[in-house]
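Reviewing the structure listed below.
Not measured: the values here are computed from a predicted model. Each ligand, and each atom within it, is numbered from 1 in the order the structure gives.
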Amino acid sequence: MEKFRFLTSGESHGKCLNAIIEGLPSGIEVDIDFINNELKRRQQGYGRGERMNIESDSAEILSGVRFGKTIGSPITLVIKNRDFENWQKVMSTSPDDYTDDKSFSVYRPGHADYAGSVKYNQKDLRNILERSSARKTAIEVAVGAIAKLLLKQLNIQGYSEVTQIGSACCPDKFHQEIDHAKENGDSLGGKFVVVYKNLPVGLGSYVHWDRGIDGRLAQAIMSIPAVKSVEIGTNPLGICGSEYHDEFSIENGEICRLSNHAGGIEGGMTNGQDLIISAVMKPIPTMQKALKSVDSKTCEASEAHYERSDVCAVESCSVVAESRVAWVLANEILLKYGGDNIEELLKNYHK
Ligand code: EPS
């Protein structure tokens, strides 16, 4: 069920990225500096490629906000791709501008190239790369920033942290690990954790499979490009039940827990503890080191296509995941408490 919904559009080297959001209450304060700071956070992180020196993402709000507050109508967001200036001909929408400059036909293992080209019957793999690129996560973070602004009104806030890069589990070693991969023309993945605090009890439900908030969160994070696994709370493998499950106690008349292995979710519902989700990102599939591949035009063996890319983007990915969790939480809050305006939502929430 969706209350808060949106669509995005835009290609990596196209003119811009766009979003239309619908279903947010009126009266939410929209702080454009906060949105742009989130965009800046997503662009940071050691191991990002040259593209990040070209882009300096900022969002423009085209509708749905007046004098700094939502007015209940659909919100339109746009982020311009600065790099478009260098790709105008290549990304033109007009048949008169046809060029095969920047076209490629050798699949990159691990990317969407192969399945995407079969599915959409495209000979030029550029047509697959452009939308499958993680560039689109920029506009998703702008949408997430607005969801975060709604959550902030309820004093719900989150953060994320990178916990592993390649084989290094200690931040002191992260840069070294990335430098090493870069020297070898290779790429690296890693792991991160997202935490949200001060959630109410009972977001999501156990009554039907598609209403569990754990499933919804897993879908939202798993579909970030390159994410391969999502985990909620402590990985329970090898831990017996008596050690894993979070025992209850009473302190000053309040029901408390002695641990939080469940990561704040039991039976598909938030239980009032901190929400803790971690995810693993695979190494980026575009890399200088030549992987074995096939040229889709000649059907002959070839080295995989390479173009400018990042060496490691785990830090960015963690910011994207924070945003996606914010969408899911905002939707669940609106489903549970309702409200067409912020006053109504706050009244229902604090009842
Ligand atoms: C990406 C390839 C690189 C990344 C890009 C994702 O872009 P380019 O091909 O232009 O060098 O920098 O990420 C972004 C542009 C971004 O804003 O995060 C890919 O193929 O997924």
Working for side-chain hydrogen bond (donor to acceptor under 3.5 Å, both in side chains), residues Arg108 and Thr286: CA-CA 7 Å; Arg108 289 165 301 163; Thr286 309; 2.9 Å; yes
Residues Arg51, Ser309; criterion side-chain hydrogen bond (donor to acceptor under 3.5 Å, both in side chains); working and verdict: CA-CA 8 Å; Arg51 176 78 184 271; Ser309 191; over 6 Å; no
One pair per line, please: each N/O atom of ligand 1 matched with every protein N/O atom under 3.5 Å away, atom names first, then the distance to 0.1 Å.
{"from": "ligand 1", "atom 1": "9 (O)", "to": "Arg308", "atom 2": "O", "distance (Å)": "3.4"}
{"from": "ligand 1", "atom 1": "10 (O)", "to": "His13", "atom 2": "NE2", "distance (Å)": "2.7"}
{"from": "ligand 1", "atom 1": "10 (O)", "to": "Arg51", "atom 2": "NH1", "distance (Å)": "2.8"}
{"from": "ligand 1", "atom 1": "10 (O)", "to": "Arg308", "atom 2": "NH2", "distance (Å)": "2.7"}
{"from": "ligand 1", "atom 1": "11 (O)", "to": "Arg308", "atom 2": "O", "distance (Å)": "3.2"}
{"from": "ligand 1", "atom 1": "11 (O)", "to": "Arg308", "atom 2": "NE", "distance (Å)": "2.7"}
{"from": "ligand 1", "atom 1": "11 (O)", "to": "Arg308", "atom 2": "NH2", "distance (Å)": "3.4"}
{"from": "ligand 1", "atom 1": "12 (O)", "to": "Asp310", "atom 2": "OD1", "distance (Å)": "3.3"}
{"from": "ligand 1", "atom 1": "17 (O)", "to": "Arg42", "atom 2": "NH2", "distance (Å)": "2.6"}
{"from": "ligand 1", "atom 1": "17 (O)", "to": "Arg135", "atom 2": "NH1", "distance (Å)": "2.8"}
{"from": "ligand 1", "atom 1": "18 (O)", "to": "Arg42", "atom 2": "NH1", "distance (Å)": "2.8"}
{"from": "ligand 1", "atom 1": "18 (O)", "to": "Arg42", "atom 2": "NH2", "distance (Å)": "3.3"}
{"from": "ligand 1", "atom 1": "18 (O)", "to": "Arg48", "atom 2": "NH2", "distance (Å)": "2.9"}
{"from": "ligand 1", "atom 1": "21 (O)", "to": "Ser133", "atom 2": "OG", "distance (Å)": "3.4"}
{"from": "ligand 1", "atom 1": "21 (O)", "to": "Ala134", "atom 2": "N", "distance (Å)": "2.9"}

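- Using a 4.0 Å cut-off between charged nitrogen and carboxylate oxygen, Lys3 and Glu332 do not count as a salt-bridge pair.
- In summary, the side chains of Asn36 and Asp33 do not present any donor paired with an acceptor at a separation below 3.5 Å, with no hydrogens or angles considered.
- With salt bridges taken as basic N to acidic carboxylate O contacts below 4.0 Å, one links Asp57 and Arg135.
- Here the CZ-CD1 distance, from Phe4 to Ile146, works out to 7.5 Å after rounding to the nearest 0.5 Å.
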